[in-house]
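Working notes, structure below.
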Amino acid sequence: MSDPQITRTIAEIRRATADCKGAPMGFVPTMGALHAGHVSLMERARSECKTVVVSIFVNPLQFSPEEDFGGYPRDLEADIVRAGEARADIVFLPSSEELIGDGLLTSVTVAKVSESLCGLQRPGHFTGVATTIVKLFNIVCPDRAYFGEKDWQQLQLVRRLATDLDYPIEIIGVETVREADGLALSSRNRYLSASERETAKRLPLALRTAASMIKAGETGAREVTRSFRKTIATGPGLKLEYFSVCLPDTLEPVDAIQGRTLLAAAVKVGKTRLIDNILVSP
Ligand code: AMP
């Protein structure tokens with residue numbers, strides 16, 4: 001393992017990536033507090049690209065004032081070690097001062113894809129995500145960018161913006177990495193107390209149970225939703241924010257399940273918001 005090159009300004013990352021043209025450069029944008037989910041993105045990029053760039057930036061634009069921006073886990077030293085272990089070449093640590101300054105007058109909104117699911121619960125969130133992703137794409141200019149399927153809606157949004165805005169960047173979705181009991185890894189899992197952690201596993205359980213109903217022939221979204229809600233209701237302190245039976249690309253809800261279908265959900269466990277999803281083919 002060699003230490004990754006650390007870059008902190010736009011000028012530095014531009015200089016560091018200037019020599020990388022001509023051979024595939026892979027980019028993994030993150031908000032840090034890196035875990036095995038992030039590592040799987042970096043490893044996938046490592047296996048497909050000559051140069052791997054990882055960014056760590058807790059993006060203020062995607063948090064609303066009442067959300068956890070201030071308390072979001074930050075662990076830069078451990079992150080740099082993790083990135084090195086995953087053999088990333090360059091770590092980009094932009095500052096909010098340089099990237100956002102006093103605020104931007106320009107923003108990027110991906111209509112439709114950002115309006116359902118988490119977009120309904122978190123107004124402005126996806127505009128904050130899309131705006132920062134566009135800025136990072138313009139700065140890093142990768143050939144491929146890697147995003148986790150755990151944040152399925154974000155992945156679809158990035159795919160759509162890359163197509164709509166003609167970025168010559170291949171968007172690659174990477175399978176969700178889970179704990180042994182099924183809970184999807186997330187930086188926010190650090191907020192969970194021991195008893196909340198125990199309750200949290202009902203989210204993947206409810207998704208798996210709903211998915212197995214579809215596999216067994218159930219085609220009614222209402223029935224699947226009823227089953228999902230029942231499993232969640234038995235978890236103490238688990239509050240459902242949404243559950244959707246929808247088309248995987250557009251996220252449009254479906255009543256009658258036919259082809260590939262996404263089951264997506266958000267719950268609150270205490271104060272912590274968790275999201276997860278599962279893709280099913282009947
Ligand atoms: P974040 O730091 O939470 O913004 O995540 C950075 C990237 O890692 C996003 O593309 C996420 O979808 C991805 N990611 C987060 N958790 C996981 C996971 N458990 N498995 C796979 N990818 C993940």
Side-chain angles (χ1 to χ4, degrees), residues 26-48 52-63 67-69 71-76 78-80 82-83 86 88 91-94 96 99 110 113-114 117-118 122 125-126 128-137 140 142 144-162 169-192 197 200-201 203-204 207 248 251 262 264-266 272-279:
F27 178 41
V28 181
T30 81
M31 297 210 299
L34 301 183
H35 50 64
H38 298 114
V39 170
S40 88
L41 266 59
M42 294 188 251
E43 286 176 348
R44 176 76 179 272
R46 180 73 286 160
S47 71
E48 297 177 352
V52 176
V53 179
V54 178
S55 67
I56 299 175
F57 180 62
V58 184
N59 173 23
L61 300 182
Q62 69 184 67
F63 291 79
E67 289 182 344
D68 56 344
F69 174 71
Y72 194 83
R74 289 163 170 89
D75 197 350
L76 213 48
D79 286 349
I80 291 169
R82 274 243 141 117
V91 175
F92 179 39
L93 307 170
S96 197
L99 223 54
V110 184
V113 187
S114 62
L117 314 183
C118 289
R122 304 181 72 188
H125 167 71
F126 285 118
V129 170
T131 303
T132 295
I133 288 294
V134 159
K135 284 170 72 69
L136 291 171
F137 280 0
V140 177
R144 297 180 184 139
Y146 296 80
F147 292 85
E149 290 182 351
K150 198 210 115 205
D151 299 282
W152 186 277
Q153 189 171 14
Q154 172 176 278
L155 171 61
Q156 300 317 313
L157 171 127
V158 174
R159 284 193 197 289
R160 191 61 207 235
L161 82 77
I169 302 174
E170 191 185 348
I171 307 301
I172 292 157
V174 179
E175 208 179 304
T176 302
V177 177
R178 298 175 181 280
E179 304 276 10
D181 65 4
L183 182 67
L185 296 188
S186 161
S187 304
R188 289 194 169 97
N189 292 354
R190 299 183 185 200
Y191 297 151
L192 299 171
R197 171 66 187 81
K201 70 182 186 199
L203 173 58
L207 285 169
L251 311 175
L262 184 78
T272 307
R273 186 173 185 276
L274 301 176
I275 60 170
D276 200 353
N277 65 77
I278 192 167
L279 191 61

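Both counts, for ligands and for their atoms, begin at 1 and track the order of listing. Side chains included, hydrogens not; waters and symmetry mates left out as well; all remaining heavy atoms used.
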Ligand 1 N/O to protein N/O, distances under 3.5 Å:
{"unit_1": "ligand 1", "atom_1": "2 (O)", "unit_2": "M31", "atom_2": "N", "d": "2.9"}
{"unit_1": "ligand 1", "atom_1": "2 (O)", "unit_2": "H38", "atom_2": "NE2", "d": "2.9"}
{"unit_1": "ligand 1", "atom_1": "5 (O)", "unit_2": "H38", "atom_2": "NE2", "d": "3.4"}
{"unit_1": "ligand 1", "atom_1": "10 (O)", "unit_2": "G148", "atom_2": "N", "d": "2.9"}
{"unit_1": "ligand 1", "atom_1": "12 (O)", "unit_2": "G148", "atom_2": "N", "d": "3.2"}
{"unit_1": "ligand 1", "atom_1": "12 (O)", "unit_2": "G148", "atom_2": "O", "d": "3.3"}
{"unit_1": "ligand 1", "atom_1": "12 (O)", "unit_2": "D151", "atom_2": "OD2", "d": "2.6"}
{"unit_1": "ligand 1", "atom_1": "16 (N)", "unit_2": "L185", "atom_2": "O", "d": "3.4"}
{"unit_1": "ligand 1", "atom_1": "19 (N)", "unit_2": "V177", "atom_2": "O", "d": "3.0"}
{"unit_1": "ligand 1", "atom_1": "19 (N)", "unit_2": "L185", "atom_2": "N", "d": "3.4"}
{"unit_1": "ligand 1", "atom_1": "19 (N)", "unit_2": "L185", "atom_2": "O", "d": "2.9"}
{"unit_1": "ligand 1", "atom_1": "20 (N)", "unit_2": "V177", "atom_2": "N", "d": "2.9"}

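Pairs passing the salt bridge (Lys or Arg N to Asp or Glu O under 4.0 Å) check and including a residue from residues 176-189, sequence neighbours excluded, read D68-R188, R178-D276, D181-R197. Screening residues 151-162 for salt bridge (Lys or Arg N to Asp or Glu O under 4.0 Å) gives R160-D164 as the qualifying pairs, with residues at least two apart or on separate chains.
Looking at heavy atoms from C-beta onward, H38 lies in side-chain contact with S187 at the 4.5 angstrom threshold.
The side chain to side chain contact (heavy atoms under 4.5 Å, CB included) test applied to H125 returns Q62, R122, V129, not counting sequence neighbours.
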Might you work through the side-chain contact (heavy atoms from CB on, under 4.5 Å) test for Q154 and C118, ending with a clear yes or no?
CA-CA 9 Å; Q154 172 176 278; C118 289; over 6 Å; no
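Remark: the E67 side chain and the Y72 side chain contain no N/O donor-acceptor pair separated by less than 3.5 Å.
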